[in-house]
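Worksheet: one structure, shown below.
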Amino acid sequence: ILITIVLLIGVSLIITEKSREFIGFPSSDDQRQPPILNRALLRADRIIMKTIESEPDQFLNIDYLSQIDNFLNSFNTALIVKKENNIVYFSPFMAEIDANHQAFLEQRINISQISQGESDIVRVSDTLFMKTIPISFTDNTNGSLFLINDATTASQELQAFKNSVIYILISFLIIMIIINTLITFLLSKQIVNPIIRLKNAAQQIQKGDYNFQLQAPSKDEIGALFESFEEARKQLKKSEETQKKYEQSRNELITNISHDLKTPITTIKGYLEGIRDGVPKSKEKQEKYLETIYQNAVHMESLIEDLFLLSKFDLDQSFYQFENINIKEYLADCYEELQFDFQEKGIKLEYRVHYDENKLVKVDRQQLKRVILNIINNAINYKSTGNPIIEMILTEKEEEAQIEIRDNGIGVPDDILDKIFERFYKEDKSRSNRSGGTGLGLYIARKIILDHGGSIWAKSQVGSGTSIFFTLPEARENKI
């Protein structure tokens with residue numbers, strides 16, 4: 001802005017001075033004769049010179065001189081004609097000239113020292129100029145023409161032009177200041193303020209505070225930056241919530257596993273101390289002790305396997321070995337393997353099929369068996385006290401196989417039916433001996449089925465039993 005002000009002042013001075021010179025005004029401190037005649041004098045001079053060359057005696061004709069003078073008056077110029085020492089014509093316009101200057105003009109006119117062919121220009125004041133033109137008449141006498149120009153109007157116009165230039169430059173300067181202020185305001189509003197908001201948001205995130213929202217101030221690049229930052233904030237908040245949930249789940253896992261491990265370890269320890277002290281005297285009682293120790297060891301092994309599998313899920317490790325299998329034959333093999341063990345436990349296992357034997361599904365054999373065993377073990381934990389029955393039913397659906405494992409146990413209330421697939425969920429909050437599970441079996445089953453691209457859900461009626469359904473997508477290849 002300062003540079004602009006200096007340039008504008010310099011331009012103003014140059015324009016004003018050049019304008020003075022252009023219209024015939026030298027600088028006020030220049031005492032020399034003006035380098036060029038005022039534009040009005042130049043124009044009058046051209047007209048008069050033509051008449052001098054062709055008809056010089058016309059300047060002795062009062063009517064002609066009156067016409068010429070009227071024409072010159074329109075340029076604020078007066079005409080005086082002198083022949084020898086006599087004044088032939090004296091313009092009435094001279095009466096409008098300042099008396100101080102008029103006396104000087106009359107003195108100058110009375111001095112007749114202009115030679116033939118010479119021309120003289122006299123600066124009377126800043127606004128008054130006189131041009132002397134020598135003339136020779138046809139009677140061989142000499143004379144002079146005096147053109148006196150009052151440049152007051154031109155001076156006023158120059159001053160007005162100078163003022164207008166200054167006003168324009170000042171207006172331009174004010175406009176530039178306003179534009180600069182507006183640009184600064186807009187830049188502050190559109191760039192600086194949003195950057196400050198982003199800085200404050202980054203400081204909040206640095207402190208671990210994600211509970212805020214960034215609204216994009218515009219739809220340009222700044223707005224896109226805000227949207228990206230807001231998306232990053234959401235992802236960080238989600239990551240932190242997931243981490244907290246994971247920490248909570250891990251702590252819950254440690255608590256539950258510790259509790260579930262403590263019970264069998266305590267039992268094994270007690271029975272081993274009894275054997276060491278010789279408590280079981282008979283062989284039958286010793287075998288009972290050993291069987292109890294064995295069952296608790298098996299239960300501990302199951303807990304450890306579930307914990308190991310759960311850690312793989314948390315780390316999202318890919319450990320599946322998929323292959324296309326005949327699901328009808330696979331479930332038949334599972335049925336044959338389990339039914340003898342169930343008969344010894346007094347549980348009836350049934351298997352029913354409504355499925356095309358040529359259809360294949362893509363599964364991991366080992367993990368699918370874990371799903372089936374986890375669901376069946378859950379049914380055993382909550383079996384009825386009368387005649388427990390567990391059914392496996394295979395049904396063909398559109399582009400998928402549906403497996404239902406149904407029991408006639410105690411059932412699950414509707415208000416907690418959706419929770420049974422959650423990690424560590426147990427209906428028996430008192431952790432009675434009746435429920436020997438860890439709360440991980442159905443969660444692991446759900447995770448495996450979802451990783452297979454299927455779905456899993458449950459239906460139950462209190463006192464009548466529970467059915468757990470899961471689906472497996474059919475493979476693209478058919479059995480040949």
Are Phe470 and His452 an aromatic pair, judged by ring center distance below 6.0 Å? no
Specify the closest pair of heavy atoms between [X] and [Y], including all atoms of both residues, with the distance to one decimal.
X      : Y      : value
Ala475 : Asn324 : CB-OD1, 3.3 Å
Asn149 : Asn76  : ND2-O, 3.3 Å
Ala78  : Phe93  : CB-CD2, 3.7 Å
Ile420 : Leu442 : O-CB, 3.4 Å
Ala401 : Ile327 : CB-CG2, 4.3 Å
Gly223 : Ala216 : O-CB, 3.7 Å

Are the side chain of [X] and the backbone N or O of [Y] linked by a donor-acceptor pair below 3.5 Å?
X      : Y      : answer
Asp69  : Leu79  : yes
Asn180 : Met176 : no
Ser239 : Gln235 : no
Ser171 : Tyr167 : yes

Count the heavy atoms belonging to other residues, nucleotides or ligands that lie under 6.0 Å from [atom1] of [X], then report whether that count exceeds 12.
X      : atom1 : value
Lys83  : NZ    : yes
Glu247 : CD    : yes
Lys237 : NZ    : yes
Gln321 : CD    : no
Gln213 : CD    : yes
Phe185 : CZ    : no

Aromatic Tyr330 / basic Arg365 pairing, under 6.0 angstrom, 45° off normal: no
Lys131 to Phe146 six-membered ring, cation-pi geometry met (6.0 Å, 45°): no
Any side-chain heavy-atom pair of [X] and [Y] under 4.5 Å:
X      : Y      : answer
Ile393 : Ile403 : no
Thr395 : Tyr355 : no
Val88  : Phe59  : no
Leu72  : Ile48  : yes
Tyr382 : Val412 : no
Ile135 : Asn142 : no
Ile448 : Leu368 : no
Phe421 : Tyr443 : no

Regarding Tyr64 and Thr51, do their side chains bring together a donor and an acceptor under 3.5 Å, going by distance alone? yes
Return yes if a side-chain donor-acceptor contact under 3.5 Å exists between Gln402 and Thr471, otherwise no. no
Glu227/Phe229 under side-chain contact (heavy atoms from CB on, under 4.5 Å): CA gap, chis, key distance, verdict: CA-CA 5 Å; Glu227 292 177 358; Phe229 196 97; over 6 Å; no
Can you measure from [atom1] ([X]) to [atom2] ([Y]) and round to the nearest 0.5 angstrom?
X      : Y      : atom1 : atom2 : value
Gln204 : Asn211 : CD    : CG    : 9.5 Å
Leu198 : Ser228 : CG    : OG    : 10.5 Å
Glu221 : Phe226 : CD    : CZ    : 13.5 Å
Leu417 : Ile468 : CG    : CD1   : 8.5 Å
Ile68  : Asn73  : CD1   : CG    : 11.0 Å
Ile325 : Lys359 : CD1   : NZ    : 15.0 Å

With Phe137, which residues qualify under ring pair (Phe, Tyr, Trp, His ring centres under 6.0 Å), at least two apart? none
Glu240: what forms a side-chain hydrogen bond (donor to acceptor under 3.5 Å, both in side chains) with it, not counting sequence neighbours? none
Audit row: Thr132, Ser144, side chain to side chain donor-acceptor pair (under 3.5 Å) steps and yes/no: CA-CA 7 Å; Thr132 304; Ser144 300; over 6 Å; no
Run the salt bridge (Lys or Arg N to Asp or Glu O under 4.0 Å) check on Arg233 and Glu230 step by step: do they pass? CA-CA 5 Å; Arg233 181 197 67 81; Glu230 174 64 13; 2.6 Å; yes
